[in-house]
2 protein chains.
Amino acid sequence: MRYRDENKMQAIRDCAIEMVAKNGLENFGINRLAKAAGVSPATIYIYYKDKEDLLTSISIEEGVKMTRATLKGFDPNASFREGLWVQWKNRAAFSLDNLLAAEFFEQLRNSTYKDKMREAISLEFRKSMGSFIENAVKRGEINEMPLEVYWSVAFAPLYALIRFHNEGQSLDGRKFKFSESIMKQTFDCVLKGLSK
Amino acid sequence: MRYRDENKMQAIRDCAIEMVAKNGLENFGINRLAKAAGVSPATIYIYYKDKEDLLTSISIEEGVKMTRATLKGFDPNASFREGLWVQWKNRAAFSLDNLLAAEFFEQLRNSTYKDKMREAISLEFRKSMGSFIENAVKRGEINEMPLEVYWSVAFAPLYALIRFHNEGQSLDGRKFKFSESIMKQTFDCVLKGLSK
DNA sequence: AATATAAGTGAGCAATTGCTCATTTAAAAA
DNA sequence: TTTTTAAATGAGCAATTGCTCACTTATATT
């Protein structure tokens with residue numbers, strides 16, 4: 001029996017991520033992908049049922065990677081300040097070090113595939129955040145609030161900053177660069193807002 | 001001479017917005033649009049140069065509408081608390097009352113058309129926010145900070161909440177509904193984070 | 001009523017789409 | 001070495017894509 005060529009699989013994955021990230025989901029196609037990956041269109045259908053299966057499979061894989069990166073060194077029993085800061089550093093590092101993967105993820109999150117994406121994200125969230133917030137509330141570090149409110153205040157600003165950074169220019173047309181000090185400054189605002 | 005049928009133009013616009021919002025940018029096509037709007041494909045090319053021109057033109061139009069809605073009753077000389085609250089109420093109201101338009105906008109913001117979209121957004125921002133923040137800093141209500149940090153802390157959480165609401169379910173799989181009290185609670189967090 | 005002008009059309013083109021199939025190729029098992 | 005199995009392929013299909021053109025239709029002006 002002939003074995004699958006893992007390099008081929010990886011080439012398909014990598015090219016798919018790069019194409020979606022760079023040219024947008026609306027310009028992504030199987031024939032295009034096959035050509036870019038140096039593979040026959042038919043080969044892709046050995047690995048994936050169809051276009052949708054390819055995109056959702058890859059995005060779930062990437063979601064898991066993202067999760068792991070986000071949880072690196074994270075201790076759910078740490079103080080609220082420290083735990084949240086670790087999360088910020090991890091999320092920022094992943095987004096900035098894996099520009100293509102992050103942009104791919106973002107593209108899928110804003111598409112008709114988003115429903116199938118949510119499980120990957122929700123899994124991530126439960127894993128990383130489950131007990132952490134409870135602990136912080138019990139310790140009296142933060143007020144009790146719905147999960148959605150917490151996420152919106154705690155992380156949405158970070159992702160907005162990263163977005164400004166990736167777009168290269170800001171709302172008013174000037175240049176904008178993400179930096180450790182900008183992150184720290186924003187983090188302080190967010191922390192103050194959440195703290196009791 | 002024969003005059004343009006404004007109903008036809010409006011039907012094309014409305015259908016385009018609805019189709020992109022409901023089926024995603026990746027499933028939007030001119031032939032499809034023509035059929036949905038009850039119009040010949042060729043007619044669309046009387047109004048718009050090509051597919052890209054159609055999408056960018058409509059999104060700029062919608063951007064202007066959004067701006068106007070956001071600025072309703074907004075006074076750049078109001079106190080920081082009041083001014084920001086008016087902005088929140090206006091933005092939330094627009095997003096919730098114009099679900100299709102808001103989703104259309106979001107789709108374009110996350111596509112390869114985003115560069116051409118930015119001018120519409122940046123224009124909006126300058127109009128609405130220019131002097132407001134300056135005033136608040138001068139009055140000592142908030143600290144001085146880069147525009148991007150301000151926007152990220154002040155508005156990203158609101159849009160994240162609206163997104164949770166529209167997705168119908170939240171991170172952990174349970175239902176989530178946006179409400180006045182949720183908004184108020186989140187607003188208080190954000191305000192506290194930004195205040196001196 | 002005749003003319004001029006631009007709106008509006010349907011058929012359809014070249015190119016591309018997602019996907020398949022008959023065939024070839026590589027390598028484990030005999 | 002031969003057989004068996006599945007990976008891998010390129011040509012290409014039916015359907016769809018963005019878009020055009022020769023043509024018809026409606027209306028303001030003459």
Side-chain angles (χ1 to χ4, degrees), chain A residues 1-59 61 104 107-108 111-117, chain B residues 1-59 61 104 107-108 111-117:
Chain A
M1 193 191 79
R2 186 174 177 182
Y3 278 157
R4 286 193 181 179
D5 185 340
E6 273 302 322
N7 294 334
K8 235 153 228 176
M9 277 209 80
Q10 201 51 55
I12 291 170
R13 269 196 291 259
D14 291 347
C15 284
I17 291 170
E18 184 174 344
M19 287 178 70
V20 171
K22 287 190 175 168
N23 313 120
L25 194 59
E26 74 272 18
N27 294 119
F28 173 78
I30 295 291
N31 290 349
R32 247 180 247 262
L33 171 61
K35 189 166 277 181
V39 146
S40 163
T43 304
I44 294 174
Y45 289 91
I46 296 171
Y47 301 124
Y48 302 102
K49 186 172 148 283
D50 54 20
K51 188 186 175 186
E52 174 169 332
D53 180 46
L54 181 145
L55 286 169
T56 53
S57 298
I58 294 179
S59 61
E61 276 175 28
F104 174 86
Q107 287 279 328
L108 280 240
S111 72
T112 48
Y113 300 94
K114 65 180 153 196
D115 290 332
K116 313 216 164 180
M117 285 275 316
Chain B
M1 195 192 80
R2 186 175 175 178
Y3 277 157
R4 285 194 183 178
D5 185 340
E6 273 301 321
N7 294 333
K8 235 154 227 167
M9 279 207 78
Q10 199 53 53
I12 292 171
R13 269 195 292 258
D14 291 347
C15 285
I17 291 170
E18 185 175 341
M19 288 178 69
V20 171
K22 288 190 175 169
N23 313 119
L25 195 59
E26 74 273 18
N27 294 119
F28 173 79
I30 295 290
N31 290 351
R32 246 180 247 261
L33 171 61
K35 188 166 280 183
V39 148
S40 164
T43 304
I44 294 173
Y45 290 91
I46 296 170
Y47 301 126
Y48 303 101
K49 185 171 146 283
D50 54 21
K51 188 185 175 185
E52 174 169 334
D53 180 45
L54 180 144
L55 286 169
T56 52
S57 298
I58 293 180
S59 61
E61 275 175 30
F104 173 87
Q107 288 277 328
L108 280 242
S111 72
T112 48
Y113 301 94
K114 64 182 154 197
D115 290 333
K116 312 215 164 180
M117 286 275 316

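Being a predicted model, the structure only gives us computed values, none of them experimental.
For the pair B/Glu6 CD and C/dA7 C1', the interatomic distance rounds to 12 Å; values are reported in whole Å. Between the CG atom of B/Asn7 and the P atom of C/dA7 there is a distance of 16 Å, given to the nearest Å. Atom CG of A/Asp50 and atom C1' of C/dG18 are 9 Å apart (whole Å). Spacing between atom NZ of B/Lys8 and atom C1' of D/dT25 amounts to 10 Å, rounded to whole angstrom units. Rounded to whole Å, the distance from CG on A/Asn27 to C1' on D/dG18 is 12 Å.
Counting only heavy atoms from C-beta outward, the side chains of B/Phe28 and B/Asn23 never approach each other to under 4.5 Å. Contact check for A/Leu54 versus A/Leu33: side-chain heavy atoms found under the 4.5 Å cut-off. B/Leu55 places a side-chain heavy atom less than 4.5 Å from the side chain of B/Phe104.
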Audit row: B/Ser57, B/Tyr48, side chain to side chain contact (heavy atoms under 4.5 Å, CB included) steps and yes/no: CA-CA 8 Å; B/Ser57 298; B/Tyr48 303 101; 3.8 Å; yes

Dot-bracket encoding of pairs in DNA chain D, which uses [ ] for pseudoknotted crossings and | for another strand, Watson-Crick or G-U under 3.5 angstrom: ..||||||||||||||||||||||||||||

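With respect to B/Gln10, the side-chain contact (heavy atoms from CB on, under 4.5 Å) criterion is satisfied by exactly one of B/Asn7, B/Ile12, B/Asp14: B/Asp14.
Annotation: side chain to side chain contact (heavy atoms under 4.5 Å, CB included) contacts of B/Glu61 (sequence neighbours excluded): B/Arg13.
The two residues A/Met19 and A/Gly29 have their closest heavy-atom pair at CE-O, 4.4 Å. Closest of all the heavy-atom pairs between A/Ala16 and A/Ile58 is CB-CD1, 3.8 Å. The shortest non-hydrogen separation linking A/Arg4 to A/Ile46 is NH2-O, 3.6 Å. Of all heavy-atom pairs spanning B/Ala36 and B/Cys15, the tightest one is O-SG, 3.7 Å. In terms of heavy atoms, B/Thr56 sits closest to B/Tyr113 at CG2-CD2, 4.1 Å. The two atoms that bring A/Val39 and A/Lys8 nearest to each other are CG2-CG, 3.4 Å, heavy atoms only.
Residues from residues 51-58 of chain B that place a heavy atom under 4.0 Å from any atom of DNA chain C: there are none. Taking every heavy atom of residues 9-23 of chain B and every atom of DNA chain D, no pair lies under 4.0 Å. At a non-hydrogen distance threshold of 4.0 Å, B/Phe28, B/Gly29, B/Ile30, B/Asn31, B/Arg32, B/Pro41, B/Ala42, B/Tyr45 from residues 28-49 of chain B come into contact with DNA chain D.
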Using a cut-off of under 3.5 Å, enumerate the N/O to N/O pairs linking the protein to nucleotides 28-30 of chain D.
| residue | atom | partner | partner atom | Å |
| --- | --- | --- | --- | --- |
| D/dA28 | O4' | B/Met1 | N | 3.4 |

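The environment of NZ in A/Lys114 is crowded: more than 12 heavy-atom neighbours from other residues, nucleotides or ligands sit within 6.0 Å.
Side chain of B/Gln107 to main chain of B/Leu25: a donor-acceptor pair is present (N/O by atom type, distance under 3.5 Å, no hydrogens or angles).
Rounding to the nearest 0.5 angstrom, the gap separating the OH atom in B/Tyr45 from the CG atom in B/Asp53 is 10.5 Å.
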